[in-house]
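Take a look at the structure set out below.
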Amino acid sequence: MLQIQKIRSDKDFIIKKILEIRNINVADQINQIYDLDLQKRETQKSLDEFSSQMNVLSSQIGTEFKAGNIDKANDLKKQTTTLKDKIKLLKSSFMDLDNSIIDLLYQIPNIPNEIVPPGKLESDNEVIFSSDLSQIKNKELLPHWELCEKYDLIDFELGVKISGAGFPVYKGKGAILQRALIQFFLNQGNLDGYQELSVPHLVNESSGYGTGQLPDKEGQMYHVSVDDLYLIPTAEVPITNIYRDVILDYKDLPVKHVGYTPCFRREAGSYGKEVRGLNRLHQFDKVEIVQITNPNESYNTLDKMVNYIEGLIKKLELPYRKLKLCGGDLGFTSALTYDLETYSSGQDKWLEVSSVSNFETFQSTRLKLRFRNQDREIELAHTLNGSALALPRIMASLLEINQYQDGIKIPKVLRPYTGFDSI
RNA sequence: GGAGAGUUGGCAGAGUGGUCGAAUGCGGUAGUCUUGAAAACUAUUGUGCAGCAAUGUACCGGGGGUUCGAAUCCCUCACUCUCCGCCA
């Protein structure tokens, strides 16, 4: 959610940037917000004034009653009726205005950072780095779902039986490999100063609003209606919401957390090739990193996070590429996002394994996540997060890239975790 | 699932209709003292909104109501705790 103060001061800039880079025209909404905000402040002014008068009268009445001047008190009472009506009216229009503003604010995406390339299509994303694929491309390689069947690593049919499509069953060395990866990612996070958290997998409605999944993406989350809880689509939700309604001290920043959770996504509307094998699942495992920073540090931090995640991929010896997302691909809540994609040699396709974003104050406004700066003023913090990493697609790439005639070789860094060198 | 108790400022904990945004203690911050620290003492210390400011206004779990006036009374929802039952 954008801050209303920003709209007051920079409304034309916001409209221009969002149109230019995201290709979304929010002029109507922004102008409406602007007008409603003026009205709201106007209303508050008179509301405050009348409330003040009312408070004065009330305390006078109290004093008169105490002094025993019943008649005088009753006389004053009469004066309150019109005031009371006015206040009631103003209060309700104030609330209406406020709600309309919030509803509209929910519809405005984050202002993209100036370095976000404009564009609508995936092809407009800027490729910053790409591994050399010439050695791999010529080979004939099996897609991971065939490897999974061949070596009995992941059983998609079993998952269908017990849950439905998109809920695979990992077996034997397949399950161990995934666990090894999780362990490796968490340990790396710890080494890089991220405090590990193990958090709930179901969250309440307020948390959904806090990180922006609600109200816009309601249909993407599984909802447990009897208890009115949502299954988390990412660890970002519980981890970031820990800091909802919190005022940190500047000395506490940056806050760094790493957490492993399963993630649940309904993925309504997905079909065909994109859901084949491990490409897109309803339940998958992910290790996530989250940071909360001082605003003037956040872009520095974003770079560090990207480098860190890149480092993980390199350690796994996977070919990958790094993208800066264009305006059209940029998430609603993000100001700048880098995607990391590993190469799926069996599918000849890049798989998004991480998305690293700076949300600036977009989440912290909703979350009321603030900090007290060195001047002891209260300021909104910046929030960032990134996958480090998403397990199924890493598994897919890893299995495909490392396959040979009679097996699959395990990358060196994982061997201490798996206990075997190959499958 | 059954029965009961509760939700007040960073924490603990007063406050049951009128200068209560809220006593007191702890904690935090600044200072005095000290070579330094501790202790002691002094001062200060919630958040939002509007305003250049003075200041005004709102907030005592959420929402609604009664009243001239609500932290305090009523209704309702949510959550927490205790006991019993069940159970990894």
Side-chain angles (χ1 to χ4, degrees), chain A residues 1-9 33-105 198 200-210 214-215 223-230 238 241-253 255 262 292 361 364-381:
Chain A
M1 189 165 83
L2 293 184
Q3 294 168 75
I4 188 75
Q5 292 89 337
K6 246 181 208 163
I7 292 176
R8 265 178 222 159
S9 57
I33 292 169
Y34 188 84
D35 292 341
L36 289 169
D37 179 55
L38 281 178
Q39 285 180 54
K40 181 187 152 188
R41 280 188 285 168
E42 206 48 41
T43 309
Q44 184 179 353
K45 214 172 144 189
S46 16
L47 178 61
D48 281 3
E49 217 165 88
F50 287 129
S51 301
S52 175
Q53 286 177 31
M54 189 63 148
N55 288 341
V56 170
L57 266 179
S58 292
S59 71
Q60 271 175 13
I61 292 169
T63 338
E64 296 300 345
F65 266 127
K66 265 189 186 161
N69 305 327
I70 310 292
D71 289 345
K72 199 166 181 189
N74 282 325
D75 205 44
L76 285 169
K77 259 199 207 183
K78 283 177 197 151
Q79 291 180 42
T80 60
T81 45
T82 47
L83 257 182
K84 214 178 170 184
D85 289 345
K86 276 185 194 161
I87 288 171
K88 205 173 176 183
L89 214 72
L90 282 168
K91 201 166 187 177
S92 92
S93 59
F94 179 83
M95 294 304 280
D96 288 348
L97 287 165
D98 198 41
N99 287 331
S100 311
I101 290 169
I102 289 172
D103 283 350
L104 283 164
L105 277 173
S198 179
H201 301 166
L202 279 85
V203 295
N204 59 29
E205 199 186 20
S206 304
S207 298
Y209 276 97
L214 294 174
H223 182 220
V224 182
S225 55
V226 268
D227 293 302
D228 197 17
L229 293 169
Y230 294 87
N241 269 284
I242 290 171
Y243 296 92
R244 172 156 44 87
D245 293 318
V246 166
I247 301 175
L248 295 160
D249 193 86
Y250 73 93
K251 288 174 193 152
D252 301 330
L253 301 177
V255 170
I292 299 164
T361 59
S364 57
T365 304
R366 273 202 215 184
L367 288 162
K368 297 196 175 67
L369 196 187
R370 294 164 295 171
F371 73 103
R372 211 177 285 276
N373 66 23
Q374 295 206 37
D375 299 325
R376 295 188 159 193
E377 290 160 344
I378 289 168
E379 227 183 298
L380 287 164

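Every chain is numbered from 1 and lettered A, B, ... according to where its sequence line falls, protein lines coming before strand lines. Remember, predicted model here, so these are calculated numbers, not experimental data.
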Separation of [X] atom [atom1] from [N] atom [atom2], in whole Å?
X      : N     : atom1 : atom2 : value
A:E377 : B:U29 : CD    : C1'   : 16 Å
A:R244 : B:C79 : CZ    : P     : 13 Å
A:N204 : B:C77 : CG    : C1'   : 15 Å
A:L47  : B:G48 : CG    : C1'   : 14 Å
A:Y250 : B:U29 : OH    : P     : 10 Å
A:L202 : B:C79 : CG    : P     : 14 Å
A:L229 : B:A78 : CG    : C1'   : 12 Å
A:R366 : B:G48 : CZ    : C1'   : 19 Å

Which value, rounded to the nearest 0.5 Å, describes the distance between A:I378 atom CD1 and A:F371 atom CZ?
-> 10.5 Å
CZ of A:R41 to OG of A:S46, rounded to nearest 0.5 Å, is 13.5 Å
Does [X] reach the main-chain N or O of [Y] with its side chain, forming a donor-acceptor pair under 3.5 Å?
X      : Y      : value
A:N74  : A:I70  : yes
A:D98  : A:F94  : no
A:D227 : A:L229 : no
A:N69  : A:K72  : no
A:D249 : A:K251 : yes
A:S364 : A:L380 : no
A:S52  : A:D48  : no

A:I33: which of A:L2, A:I101, A:I102 passes side-chain contact (heavy atoms from CB on, under 4.5 Å) | A:I101
Distance check, [atom1] atoms only: [N] and [M], in whole angstrom units.
N     : M     : atom1 : value
B:G61 : B:A12 : P     : 14 Å
B:U34 : B:G27 : C1'   : 23 Å
B:C11 : B:C86 : P     : 37 Å
B:G13 : B:A71 : C1'   : 14 Å
B:G69 : B:G17 : C1'   : 8 Å
B:A40 : B:G46 : P     : 23 Å
B:U72 : B:C81 : C1'   : 23 Å
B:U29 : B:G65 : P     : 44 Å

Which residues pass the side chain to side chain donor-acceptor pair (under 3.5 Å) test with [X], sequence neighbours left out?
X      : value
A:R244 : A:S207, A:N241
A:Q53  : none
A:D35  : none

Consecutive-pair stems (3 or more, Watson-Crick or G-U, under 3.5 Å) for RNA chain B = B:1-7 with B:78-84, B:10-12 with B:24-26, B:27-32 with B:40-45, B:46-50 with B:55-59, B:61-65 with B:73-77
Quick one: what's the B/S/- string for nucleotides 63-71 of chain B, heavy-atom cutoff under 4.0 Å, read 5' to 3'?
-> -----BS--
Which nucleotides of nucleotides 49-54 of chain B have their base under 4.0 Å from a protein heavy atom (B), which only their sugar-phosphate (S), and which neither (-), written as one string 5' to 3'?
-> BSS---
Would you please confirm or rule out a distance under 4.0 Å between OP1 or OP2 of [N] and any side-chain N or O of [X]?
X      : N     : result
A:R372 : B:U47 : yes
A:R376 : B:G28 : no
A:N55  : B:A58 : yes

Looking for any heavy atom pair under 4.0 Å, which part of the strands does A:I378 touch: base, sugar-phosphate only, or nothing?
-> sugar-phosphate
